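Here the structure is laid out as structure tokens; the discussion comes afterwards.
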Protein chains: 2
Amino acid sequence: MNSVNLKRLAQELNLSIATVSRALQDSYEVSAHTKERVKALAAELNYEPNAYASSLRRNISKTIGVVIPEVNNHFFSLAINGIEEVARQSGYHVLIYLTHEDYDREVAITQYLTGGRVDGILMSVASETQEFGHLLKLQATKPAIVFFDRVCDSIATAQVTTNDFESGFQATEHLIQAGCRHIAHLLVSGNLSIGRMRMQGYQAALQQYGLPFDEALVLDGNGNDEQNTALITALLTARPEVDGIFASVERLAISSYHACNGLGRAIPEQVKIISFSNLGVAALLDPALTTITQPAYEIGREAAKILLRAIEKKKPILPTQSLVLKSELFERRSTAK
Amino acid sequence: MNSVNLKRLAQELNLSIATVSRALQDSYEVSAHTKERVKALAAELNYEPNAYASSLRRNISKTIGVVIPEVNNHFFSLAINGIEEVARQSGYHVLIYLTHEDYDREVAITQYLTGGRVDGILMSVASETQEFGHLLKLQATKPAIVFFDRVCDSIATAQVTTNDFESGFQATEHLIQAGCRHIAHLLVSGNLSIGRMRMQGYQAALQQYGLPFDEALVLDGNGNDEQNTALITALLTARPEVDGIFASVERLAISSYHACNGLGRAIPEQVKIISFSNLGVAALLDPALTTITQPAYEIGREAAKILLRAIEKKKPILPTQSLVLKSELFERRSTAK
DNA sequence: TTTATCTACGCAAACGTTTGCAGTCAATTG
DNA sequence: CAATTGACTGCAAACGTTTGCGTAGATAAA
């Protein structure tokens with residue numbers, strides 16, 4: 001154990017603990033001379049304040065929690081980058097919790113977080129989550145919450161999202177203009193607002209171009225890639241007329257590639273694919289994948305900024321602080337005519 | 001602020017704080033009846049112990065810190081998955097710190113961590129790091145440390161690594177057997193042991209097959225993808241005879257693809273590429289990338305297990321607990337004859 | 001009965017920090 | 001000279017939890 005604490009410094013300098021504490025905080029109540037002495041010794045002994053004592057006393061932890069479904073996903077890892085960047089600049093620490101899309105884990109995690117461990121929370125809801133009681137409970141306690149991407153509308157707070165309806169529309173329209181007439185929609189979060197928005201965009205585009213909406217062409221995936229590939233294979237087999245796939249999540253696009261390869265369906269000649277994705281190597285795939293790319297890094301940054309600003313000003317976060325960023329469509333060979 | 005604390009519970013139940021605390025810990029000193037009453041009220045009021053008070057008193061934080069260069073990298077994100085998995089099972093929380101391969105950030109982070117914020121640390125050293133004074137300082141304070149992948153040999157503790165020398169040899173041999181005679185080696189951590197091991201494997205293979213070692217064919221990359229692509233392009237232009245690339249890091253393989261595409265060099269006909277990588281879509285690239293794949297998830301799990309075991313038993317971690325896992329070579333079209 | 005043992009609970013200190021308040025000493029003012 | 005001010009510093013409480021020790025009452029043993 002590290003026993004370099006204020007008491008130790010105070011003893012060695014023949015000062016009181018209070019003065020040492022104030023000196024290290026550059027309080028105006030301490031003479032320049034004393035400050036120097038204190039700081040010199042602190043540096044020499046490599047003093048680092050005990051975070052827990054400080055947090056306990058000040059009721060501030062300088063820590064934020066990030067609750068996300070998974071980290072092995074380009075969207076979330078880029079978002080974490082943005083979050084960590086902002087947090088570090090403001091001297092905040094980042095606790096990471098993964099739900100693995102599992103509702104029970106999400107509940108357990110939010111329960112932990114009511115313990116005052118964090119000053120604020122950035123969260124992207126698990127796809128399985130359908131009830132929000134745990135989030136309401138969480139909000140009832142101290143920490144401020146900002147949702148990003150997978151938001152929860154039942155909680156009155158700020159959200160950072162992208163223009164999902166438009167993007168869903170745009171993606172579908174892109175496939176239609178490339179000649180697709182039987183477009184499947186693969187998603188993973190049908191019960192979350194983000195999933196609904198994209199789905200509505202998909203439906204709106206179909207309607208605008210006079211194509212029927214066929215519920216059987218909507219596939220609900222999960223976190224298991226093998227299962228997803230099997231589901232997609234089954235769909236393509238059952239409905240051989242499918243000539244376009246709009247994937248709402250990166251992993252479903254990958255599974256679609258595998259399914260098409262397995263069935264010998266040529267991309268883009270027989271099936272065109274477009275997907276929400278932050279895959280850096282999308283352009284190097286065979287064929288290069290057309291993507292709707294969300295500004296993941298910026299989303300992380302902006303969400304963290306809103307959160308930290310609220311924490312520092314001790315003001316509640318208002319829904320009016322919500323932000324909607326724009327995704328971008330990158331046309332590549334997987335949707336070529 | 002959440003004011004449901006032991007005091008509150010004690011008052012409502014007409015018990016002392018001590019008894020309430022003990023009841024919640026299932027202490028044998030409390031009657032079954034009282035335990036029930038306490039737990040019932042705790043559940044009703046959604047009591048969650050204050051983590052900071054508890055940590056301060058017990059000098060245990062139930063938190064580990066993970067210090068890695070970046071998260072937007074399949075190796076590290078898979079490793080985090082493994083770490084988080086093990087930590088969660090044991091009731092530990094995970095603080096994430098990113099160095100962005102920057103030495104100064106690494107120093108600042110290790111300084112934070114001397115403050116007793118964490119019980120243990122899992123670390124993969126930044127490629128820039130050449131001095132280890134900050135790590136020695138860190139080790140002098142409480143927290144246990146386990147290194148994984150990018151290890152530091154100067155610190156006496158356990159490491160979880162892969163068979164890097166063998167893999168470097170194997171990768172190079174694979175290229176030679178595929179017909180390459182002028183093999184470039186791209187790396188990012190030449191001054192770290194991991195980089196040296198792979199490099200030695202590379203050199204050993206060259207020697208065994210009677211090929212000369214040409215220092216000009218060794219390229220030291222960094223964290224900037226555009227710069228790396230430019231460097232590789234320059235190398236391929238200056239040395240048009242290069243017919244094989246052995247990349248020590250995923251991002252350098254990606255940059256190699258871009259460089260080759262830019263120069264119109266055909267993969268694998270003119271240049272064959274093999275890389276250390278955990279890229280899930282390696283098989284879907286154009287052409288599919290031959291990889292040496294490290295068991296990233298297991299590395300994370302094993303490192304976390306060693307760390308947590310040591311923390312729980314309060315025993316120091318010995319270098320003899322180090323683990324070497326095996327990487328696997330996946331042959332794909334990027335190295336086809 | 002006395003003594004010992006056991007059960008169930010409370011008192012109070014301790015963890016290391018922050019901070020309101022009070023105090024000391026010297027310098028300044030009336 | 002007394003009174004006031006201001007610059008520094010110290011005392012001690014507080015944050016919420018854990019835990020060594022003490023104790024009251026009950027039961028068992030002597």
Side-chain angles (χ1 to χ4, degrees), chain A residues 1-39 41-42 45-63 91 112 114-119 141-142, chain B residues 1-39 41-42 45-63 91 112 114-119 141-142:
Chain A
M1 187 185 110
N2 189 358
S3 59
V4 181
N5 50 25
L6 290 182
K7 194 170 165 189
R8 165 93 180 275
L9 293 181
Q11 279 172 350
E12 304 221 358
L13 292 167
N14 262 328
L15 287 171
S16 73
I17 293 179
T19 304
V20 175
S21 173
R22 276 188 267 254
L24 291 172
Q25 299 177 71
D26 257 336
S27 162
Y28 66 96
E29 294 184 282
V30 176
S31 71
H33 175 64
T34 306
K35 277 185 195 173
E36 266 182 44
R37 285 178 63 217
V38 171
K39 287 182 183 175
L41 186 67
L45 297 183
N46 200 29
Y47 168 75
E48 180 75 20
N50 181 299
Y52 294 108
S54 174
S55 294
L56 176 61
R57 173 62 224 243
R58 312 208 346 218
N59 198 28
I60 276 175
S61 66
K62 280 272 179 186
T63 303
Y112 286 145
T114 61
R117 196 179 284 268
V118 297
D119 296 335
T141 64
K142 192 180 75 173
Chain B
M1 185 186 112
N2 189 358
S3 59
V4 181
N5 50 25
L6 290 183
K7 194 170 165 189
R8 165 94 180 275
L9 293 181
Q11 281 173 347
E12 304 220 357
L13 292 167
N14 262 327
L15 288 170
S16 74
I17 292 178
T19 302
V20 174
S21 173
R22 276 190 264 253
L24 291 172
Q25 299 178 69
D26 258 335
S27 163
Y28 67 95
E29 292 186 281
V30 176
S31 72
H33 175 66
T34 307
K35 277 184 194 171
E36 266 182 43
R37 284 178 64 216
V38 171
K39 287 181 182 175
L41 186 67
L45 298 183
N46 200 31
Y47 169 74
E48 180 75 19
N50 181 300
Y52 295 108
S54 175
S55 294
L56 175 61
R57 173 59 222 244
R58 310 211 342 215
N59 199 27
I60 276 177
S61 66
K62 281 273 177 184
T63 303
Y112 286 147
T114 61
R117 197 180 283 270
V118 297
D119 297 334
T141 65
K142 192 180 73 171

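Letters go in sequence order (proteins before strands), and every chain restarts at 1. Every value quoted in this text rests on a predicted model; they were computed, and no experiment measured them.
- Side chains of Lys62(A) and Ile60(A) form a contact here, defined as non-hydrogen atoms less than 4.5 Å apart.
- Residues of residues 13-21 of chain A that place a heavy atom closer than 4.0 Å to DNA chain D, in numerical order, are Asn14(A), Leu15(A), Ser16(A), Ala18(A), Thr19(A).
- When distances are taken from the side chain of Leu56(A) to each of dG16(C), dA8(C), dG10(D), the shortest belongs to dG16(C).
- For dA8(C), the OP1/OP2 oxygens have no side-chain nitrogen or oxygen of Thr34(B) closer than 4.0 Å.
- Here the C1' atom of nucleotide dT17(D) and the CZ atom of Arg22(B) are 12 Å apart, to the nearest Å.
- The interatomic distance linking Lys62(B) (NZ) with dT17(D) (P) rounds to 17 Å, in whole Å.
- Using a 4.5 Å cut-off on side-chain heavy atoms (C-beta onward), Thr19(B) and Arg22(B) make no contact.
- When all heavy atoms of Leu24(B) and Ala42(B) are compared, the closest pair comes out as CD2-CB, 4.0 Å.
- Straight-line distance from the NE2 atom of His33(A) to the P atom of dC8(D): 12 Å, rounded to whole Å.
- Closest approach of Tyr52(B) and Gly116(A) over heavy atoms only: CE1-O, 3.0 Å.
- The distance from atom CZ of Arg37(A) to atom P of dC8(D) is 14 Å, rounded to the nearest whole Å.
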For nucleotides 22-28 of chain C, give me every protein contact, N/O to N/O, under 3.5 Å, one pair per line with atom names.
none

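- Going from atom CG of Leu6(A) over to atom P of dG10(D) covers 13 Å, rounded to whole Å.
- Heavy atoms of Ser55(A) sit nowhere under 4.0 angstrom from any nucleic acid atom.
- Lys7(B) places its NZ atom 14 Å from the P atom of dA13(D), with the value rounded to the nearest Å.
- Of all the heavy atoms in Arg117(B) and Ser61(A), the pair that sits closest is NH1-O, 3.9 Å.
- Side-chain nitrogen and oxygen atoms of Ser31(B) include none within less than 4.0 Å of the OP1 or OP2 phosphate oxygen of dT7(C).
- Atom pair Leu24(B):CG and dC9(C):P shows a separation of 13 Å (rounding to whole Å applied).
- Looking at heavy atoms from C-beta onward, Val4(A) lies out of side-chain contact with Asn46(A) at the 4.5 angstrom threshold.
- Computed from coordinates, the Ile60(B) CD1 to dC15(C) P distance equals 16 Å when rounded to whole Å.
- Under the rule for a salt bridge (charged side-chain N to carboxylate O under 4.0 Å, His left out), Arg37(A) has no partner lying at least two apart in sequence or in another chain.
- Residues Lys35(B) and Asp26(B) form a side-chain contact, since some pair of their non-hydrogen atoms from C-beta on lies under 4.5 Å apart.
- The minimum heavy-atom distance linking Asn50(A) with Ala53(A) is given by the pair OD1-N, 2.9 Å.
- Taking side-chain N and O atoms only, Tyr47(A) has no distance below 4.0 Å to OP1 or OP2 of dG16(C).
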